[in-house]
Amino acid sequence: MRNDSVYGLHNTLLKYGLAVILGILLFFSTIGQTMAEEHADVDLKVIDEKASLMYDLVKDGKYEEAKQLHEWMAVHFPSVSFDDYAMNTNQMSELFRAFDRAGESVTKAELSEQRRIQYIFAFRLAVDAVISKENPLWEKSAERLLLSLDGIEKQVKQEDPEAARQSFQDWQLQFEMIRPAIYAGVEEKRYMPFISYVRYLDHHSGWVESKDAEEVRKLKSSLHDLLSETEEQSSADPSLWLVMMSIGSAIFVSLTYVGWRKYKGEKQRQHLRD
């Protein structure tokens, strides 16, 4: 009887020990898999898909789901390999800033619904501008902005400065949604003439009094040229880009990521001070 009790106790301890060992093995296996996933490179096309989904969620008012999606991207975005994309430091910085603004749209309830959608859509367009060298999505929005300038030109010629000024302010709000995409996907020397005219009209109100609407026509012409140059750029020899990207790509990405983390840290400290 006593031997049976001892045997039963040993059996119980053995089963318990095996269960503990199995649990430990399962735990470390899960941790290892999670760490591998977190450190695995993520293709920018995956980020593009997530950004599109996040935009749809925000449009439907599903901010909590969109926030979770942004948190996933915050973990994986730094591991994206940019070796396949011809981006300089300024372009990458603009992409990271658009990502941070997208984060604000899903976390700051005090933002208006229009502003939240604007931030998310701007990030969506910025990512697409990097991976879609031919026919990026922002061009469609730019074409609509080009048509809107026709209306502003007409208001100026009709000597209605107040209506022209209000229309231009509305136009700028729409422009802000594509600006990050232009900065991230286009070389600075190609978009600066257009941006210069936008800034000029923004800081100098005298153009609304000009009956010939010359400044508006210049803005239209510069935007048209930008769209035309973007189409021509898509036919450039890709071998040149491959050579440029292969030189110092690891250092380039590392420095940009450090700058991005510093930027986020400063924003968090500023938020705490406020």
Side-chain angles (χ1 to χ4, degrees), residues 51 55 58-59 61 90-91 93-95 97-98 100-102 104-105 108 110-130 132 135-234:
Y55 172 62
V58 170
K59 283 198 305 181
N90 291 334
Q91 289 173 317
S93 297
E94 186 62 37
L95 182 61
R97 279 194 292 268
D100 282 340
R101 285 192 291 268
E104 292 178 8
S105 71
K108 292 188 175 181
E110 65 271 18
L111 290 178
S112 65
E113 182 178 358
Q114 179 184 4
R115 183 59 59 87
R116 298 177 103 174
I117 293 177
Q118 175 183 322
Y119 283 173
I120 290 290
F121 190 52
F123 174 62
R124 166 80 177 94
L125 293 181
V127 177
D128 174 79
V130 175
S132 302
N135 302 318
L137 293 175
W138 70 265
E139 288 186 353
K140 297 297 182 182
S141 298
E143 290 171 0
R144 289 193 290 270
L145 288 177
L146 198 57
L147 293 175
S148 297
L149 289 175
D150 290 337
I152 298 176
E153 180 183 2
K154 183 178 180 180
Q155 290 170 337
V156 173
K157 289 182 176 180
Q158 291 176 344
E159 300 183 37
D160 193 350
E162 290 303 320
R165 185 178 292 106
Q166 181 60 52
S167 295
F168 182 66
Q169 290 176 354
D170 295 339
W171 184 92
Q172 285 180 296
L173 290 176
Q174 297 301 313
F175 167 67
E176 277 302 308
M177 287 192 289
I178 71 170
R179 183 186 56 77
I182 295 175
Y183 281 18
V186 182
E187 291 180 341
E188 184 176 6
K189 65 180 181 180
R190 290 171 49 216
Y191 66 68
M192 275 311 298
F194 166 63
I195 297 298
S196 296
Y197 277 116
V198 174
R199 292 173 178 172
Y200 176 81
L201 268 63
D202 183 34
H203 292 92
H204 300 83
S205 59
W207 61 271
V208 297
E209 307 288 347
S210 175
K211 297 179 182 179
D212 60 2
E214 180 182 359
E215 300 301 337
V216 180
R217 288 200 302 274
K218 288 181 179 179
L219 179 61
K220 288 170 55 180
S221 177
S222 61
L223 178 54
H224 183 272
D225 291 344
L226 174 61
L227 289 170
S228 300
E229 290 176 4
T230 302
E231 182 178 352
E232 293 174 0
Q233 186 71 13
S234 64

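Values reported hereafter were calculated over all heavy atoms of this structure, with side chains retained and with hydrogens, waters and symmetry mates removed.
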* Asked: When you check the gap from the basic side-chain N to the acidic O, do Arg101 and Glu104 get nearer than 4.0 Å?
  ->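 No, Arg101 and Glu104 are not salt-bridged.
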* Return yes if a side-chain donor-acceptor contact under 3.5 Å exists between Arg144 and Ser141, otherwise no. =>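 Judged by distance alone, the side chains do pair up.
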* Donor + acceptor pair across side chains of Asn90, Glu94 (<3.5 Å) ->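 Checked: Asn90/Glu94 side chains show no N/O donor-acceptor pair below 3.5 Å.
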* To do: Can you see which heavy atom on Leu125 is nearest to which on Leu137, and at what distance?
  =>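 Here Leu125 and Leu137 meet closest at CD2-CB, 3.6 Å.
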Would you say the side-chain atoms of [X] pair up with the backbone N or O of [Y], donor to acceptor, closer than 3.5 Å?
X      : Y      : result
Arg97  : Pro180 : no
Trp207 : Val216 : no
Ser221 : Arg217 : no
Ser132 : Asn135 : no
Gln91  : Val186 : yes
Ser105 : Ala102 : yes

Atom [atom1] of [X] and atom [atom2] of [Y]: how far apart are they, to the nearest 0.5 Å?
X      : Y      : atom1 : atom2 : value
Phe194 : Lys220 : CZ    : NZ    : 13.0 Å
Leu226 : Glu139 : CG    : CD    : 8.0 Å
Asp202 : Ile195 : CG    : CD1   : 11.5 Å
Glu113 : Gln118 : CD    : CD    : 13.0 Å

* Within a radius of less than 6.0 Å around CD of Glu176, do more than 12 heavy atoms belonging to other residues, nucleotides or ligands occur? -> yes
* Flag yes if more than 12 heavy atoms outside Gln114 fall under 6.0 Å of its CD atom; otherwise flag no. => no
